[in-house]
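Shown next, in structure tokens, is the structure this report addresses.
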Amino acid sequence: MLVIDNIHARIGEKEILRGVTLEVKAGEVHAIMGPNGSGKSTLASVLAGREEYEITEGSILFNGKNIADMSPEDRAREGIFLAFQYPIEIPGVSTINFMKTAVNEVRKHRGLEPLDAPAFLQLMKEKMELVEISQSLLKRSLNEGFSGGEKKRNEIFQMAMLEPKLAILDETDSGLDIDALKIVANGVNKLRNKDNAIIVVTHYQRLLDYIVPDFVHVLYNGKIVKTGTKELALELEAKGYDWIKNEYNNVNA
Amino acid sequence: MMNSAIANISLFDSLRARFAEISDSNPVLKPYIEKNFQNFLAKGFPTIKNEEWKYTDLQKILNRNYSLRSSSPTQSISPKAFLQNALHISFVNSAFNTDNLALSKNISIQPLSQTTQERLDKYFSIHQNALAQLNSAMAENALLITIKKNTHLQEPIIVTYTISPDSPCMVFPRLLVVMEENTSASFIESFSADGLHASLIVSSTEFYLQQNANLIHYLLQLDLQQSSHISHTAIFHEQKSNSSTTVFTGSGELVRNNLLIDLLSQYSETTLYGLYFGNKTSHIDNHTTVRHAVSNSLSNELYKGIINDEASAVFNGKIIVQPDAQKTNAFQSNKNILLSPNATVNAKPQLEIFANDVKCSHGATTGRLDEEALFYLRSRGIDKIQAQAILVKAFAHEIIENVHLPELQTYLAEHFQN
């Protein structure tokens, strides 16, 4: 589904990704872990098409298409979804209204008729239950005055509405207490199937107790320096990241 | 330089000649308007050397030939959908029309020249502002509306000003409204011009609010085409009176709005909202003054602007808190979004506070659409242009949501969406 080959990316003069290579197949869950500043969020942003980042080398193929030069909206229409680490507050725009536009844009791209109001409402009700989010919250200005948990649930609600092929969860666990974390993880698990894939970007292991990954990758200094299974996440939780840094620095000394 | 000077001289000659006609045919008004005209002549039109007009150059629009005589309209007026059920007064090329008005005994509408000497003395103020002086001198058809004591109007009063002349003209509509004790009313003033000529409207509207009067006022400048508009709105507050005024500007070559709120007695409250959208080469200038003259009054002001293409906007918000005006609350905010690299805004809050026990705040921001918010919407599959439109609409929403008439709110939301 996703083939990242030797991606280098920079913001301004600063190179952040220095050759990331990763393949994600349908039905898989990959966790990207790593210490602060290792490039985790940059990788998520580069995949979603954030324009401040410049790709200087390498390629990203998504279902066979090179997406490196695609606009964020085209990537979304192709089926990539980014759950933001810090969801944006937009006063004056309700989640319902902007989701109606977004869902129909994505449907148009897939050659489907736009949903009429009752059909949209029906779809919304279904997905609301999945992430335990209330309609009153969705009628309010987007994320304005929402708690941390409400914001993250809103992200997963949007993911449910747009039914992406590849979802990237950027530090979705940050700022959540354990109950909110369970609700969010539950929602994500219900959306998992053999045809879609998920990349979980996280600093801590605790989210991976609930969204169990098939692969765990450690990103350090702009590269994937170690790949393992979910046991690697537990090891990182117990030992921290220093041993990874030392291993990497010894090899590259 | 030479040409504009000559054009201005001929404009002054025309104004003098027209003024002579007006004052001769209005012996009652003559002593009142004479003074204003002399004051106007003494200084002439303001230039950019005048601090209040630093960013708004009138020369361009004054350097043209205007007819000063009202011609009959060349096109009929169809009230907008939101005007139904309302009391409708129309000015066409400066002349008002109150035909078919089903007036209750609680409202009186009369030409200003037909009112009492006492009222003329009271409501014919000597203006400080050159353009208001000129309006007062040239407004042969000034209209006086009185909302009588204890009257609470459910439906709004709509005043439409339509300019549809056979050649470019300069018109001077003037409206005075007296709201007597314990009254409430809403007014919508809507200015429009046909697209055939670039005319100039110099208008004046004054509200005198007596004790416990409640005014809601909307000024709409959405259909001026390439005409220009210099407006004066003044609201004089007596004790425990409230006003809310909102100006919506989305058309015109040059628009300058002078708004004065005079809080003359205690326990008065006023809200000032503005929403302006400039595109192409339009210029929109809002100058507001709130004067807190006595203690315990409140003013709250929010003006928002969206500027595109080569358009320019000016916001100047003056708050004056006089020495006796303790316990004043005065808040002001101006926010602008620039949609193009060639759009400009000059924003200047101006606080003059002479009392010490007051709460005042002000802020002005000018920037582009939030890149993060744009990216967020785009990352959900919404294209860039649509995402921008959503954010612009959201920005305008904060003003539009305060419109208390649902039909007007819908009309405005649709207008500012495009």
Side-chain angles (χ1 to χ4, degrees), chain A residues 44-53 70-95 97-110 140-144 151 154-155 157-164 166-168 170, chain B residues 246 248 273-277 300 302-306 333-337 339 341 363 365-403 406 409-410 412-418:
Chain A
S45 293
V46 164
L47 291 175
R50 200 184 278 272
E51 285 170 338
E52 301 94 285
Y53 295 95
M70 239 183 227
S71 67
E73 54 267 37
D74 281 338
R75 296 182 199 208
R77 292 166 187 172
E78 288 289 330
I80 293 178
F81 179 89
L82 172 66
F84 281 54
Q85 181 178 5
Y86 304 107
I88 310 298
E89 299 187 5
I90 310 182
V93 177
S94 72
T95 308
N97 276 340
F98 110 86
M99 271 321 274
K100 205 178 282 172
T101 309
V103 165
N104 283 330
E105 282 297 325
V106 170
R107 287 180 65 89
K108 192 163 81 186
H109 188 76
R110 293 175 187 168
R140 278 167 47 185
S141 281
L142 182 62
N143 291 328
E144 196 183 34
K151 284 181 182 172
N154 193 356
E155 294 294 290
F157 166 73
Q158 293 175 34
M159 170 180 161
M161 291 294 286
L162 295 170
E163 297 175 339
L166 172 69
I168 305 149
D170 187 8
Chain B
T246 313
F248 293 96
Y273 290 118
L275 181 63
Y276 44 96
F277 180 79
N300 198 350
L302 175 63
Y303 270 65
K304 297 183 97 169
I306 302 147
S333 172
N334 174 232
K335 297 175 187 170
N336 298 287
I337 286 185
L339 294 180
T365 58
T366 298
R368 312 198 149 275
L369 282 177
D370 183 356
E371 288 293 333
E372 274 295 302
L374 269 178
F375 176 65
Y376 190 88
L377 295 176
R378 294 176 74 191
S379 78
R380 287 353 182 196
I382 298 171
D383 69 51
K384 193 175 180 180
I385 296 192
Q386 223 175 337
Q388 281 177 341
I390 288 173
L391 294 181
V392 165
K393 190 182 166 198
F395 180 77
H397 178 77
E398 196 182 357
I399 303 292
I400 293 174
E401 72 176 346
N402 288 301
V403 171
Q409 193 180 80
T410 306
L412 290 166
E414 283 167 8
H415 189 94
F416 279 93
Q417 195 158 17
N418 299 316

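Proteins come first, then strands; the chains are lettered A, B, ... in the order of their sequence lines, and each starts at number 1. What you see is a predicted model; the values in this text were computed from it and never measured.
Comparing A/Gln158, A/Met161, A/Arg75 by heavy-atom pairs within less than 4.5 Å of chain B, the highest count is held by A/Gln158. Note on A/Pro87, A/Gly92, A/Ser141, A/Pro164: by heavy-atom pairs under 4.5 Å with chain B, the leading option is A/Gly92. Contact count against chain A (heavy-atom pairs under 4.5 Å) is highest for B/Glu372 among B/Glu372, B/Glu401, B/Glu371.
Contact of B/Lys393 with chain A is not made at all, since no heavy-atom distance falls under 4.5 Å. Using a 4.5 Å cut-off between heavy atoms, A/Phe98 touches chain B through backbone and side chain atoms alike. For A/Glu52, the part lying near chain B is the side chain, with the backbone staying farther off; criterion is any non-hydrogen pair under 4.5 Å. Contact annotation for A/Leu162: only side-chain heavy atoms (C-beta onward) come within less than 4.5 Å of a heavy atom of chain B. With a 4.5 angstrom heavy-atom cutoff, B/Glu398 does not touch chain A via any of its atoms. Proximity to chain B involves both the backbone and the side chain of A/Val93, based on heavy atoms less than 4.5 angstrom apart. Using a 4.5 Å cut-off between heavy atoms, A/Arg50 contacts chain B through both its backbone and its side chain.
Taking the side chain as every heavy atom from C-beta outward, B/Asp370 and A/Glu89 never approach each other to under 4.5 Å. You'll find the side chain of A/Glu73 stays beyond 4.5 Å of the side chain of B/Gln386, heavy atoms only. The closest side-chain heavy-atom distance from A/Ile90 to B/Ile390 is not below 4.5 Å.
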Report task. Evaluate salt bridge (charged side-chain N to carboxylate O under 4.0 Å, His left out) for A/Glu51 paired with B/Arg378, printing each intermediate quantity in order. Result -> CA-CA 11 Å; A/Glu51 285 170 338; B/Arg378 294 176 74 191; 3.3 Å; yes
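Summarising the local packing, OH of A/Tyr86 is surrounded by 12 or fewer heavy atoms from other residues, nucleotides or ligands at distances under 6.0 Å.
Checking side-chain atoms of B/Arg380 against main-chain N and O of A/Phe81 turns up no donor-acceptor pair under 3.5 Å.
For the side-chain hydrogen bond (donor to acceptor under 3.5 Å, both in side chains) test, residues two or more places apart in sequence or in another chain that qualify with A/Asn143 are A/Asn154. Residues forming a ring-ring contact (aromatic ring centres under 6.0 Å, His included) with B/Tyr376 (at least two apart in sequence, or on another chain): A/Phe84.
Summarising the geometry of A/Pro91 relative to B/Ala394, their closest heavy-atom pair is O-CB, 3.2 Å, with the distance given to 0.1 Å.
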